[in-house]
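Shown next, in structure tokens, is the structure this report addresses.
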Amino acid sequence: MGKSAFHPSLIVALSQTWLLTWSGLDRPGITTQALGVLSRHGAELLDLGQAVLGGQLSLSILVRAQTSHDESLLKDLLFEAKALGMKCE
């Protein structure tokens, strides 16, 4: 077996953990859309929680993202949230 080109601690050092929160009017497909953006950027889903109160969705997603994709991932998350009428923090 060959050795990995990257030591595990190096991979962790090249990533960031983020807590993302989307909020707004609940409707089908919002969680799917948010996770789709993360998947396209290769972000690792660590945890997810959501609540719906009075028709309002609060979606919290804990992800680990590679630092080389930070800017484009954030841009795509904000664009998708806006397109869905959601607030992204």
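Treat the numbers as computed from the prediction; the structure is a model and nothing was measured.
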Quick one: side chains of residues 76-89, donor-acceptor pairs under 3.5 Å with protein atoms, not counting sequence neighbours, listed by atom name and distance.
from: D76; atom 1: OD2; to: H41; atom 2: NE2; distance (Å): 2.6
from: E80; atom 1: OE2; to: Q33; atom 2: NE2; distance (Å): 2.7
from: K87; atom 1: NZ; to: E89; atom 2: OE2; distance (Å): 3.3

Reported CG-to-CG distance for the pair L48 and L38, which is rounded to 0.5 angstrom: 9.5 Å
Residue pairs, two or more places apart or on separate chains, that pass salt bridge (Lys or Arg N to Asp or Glu O under 4.0 Å) and touch residues 35-61: E44-R64
hydrophobic_cluster_shared for I30 and V52, side chain cutoff 4.5 Å: yes
Pairs meeting criterion side chain to side chain donor-acceptor pair (under 3.5 Å) with involvement of residues 49-63, two or more places apart: T31-Q50
Fellow cluster residues of L62, listed by chain then number, with links counted only when side-chain atoms sit under 4.5 Å apart: L19, L46
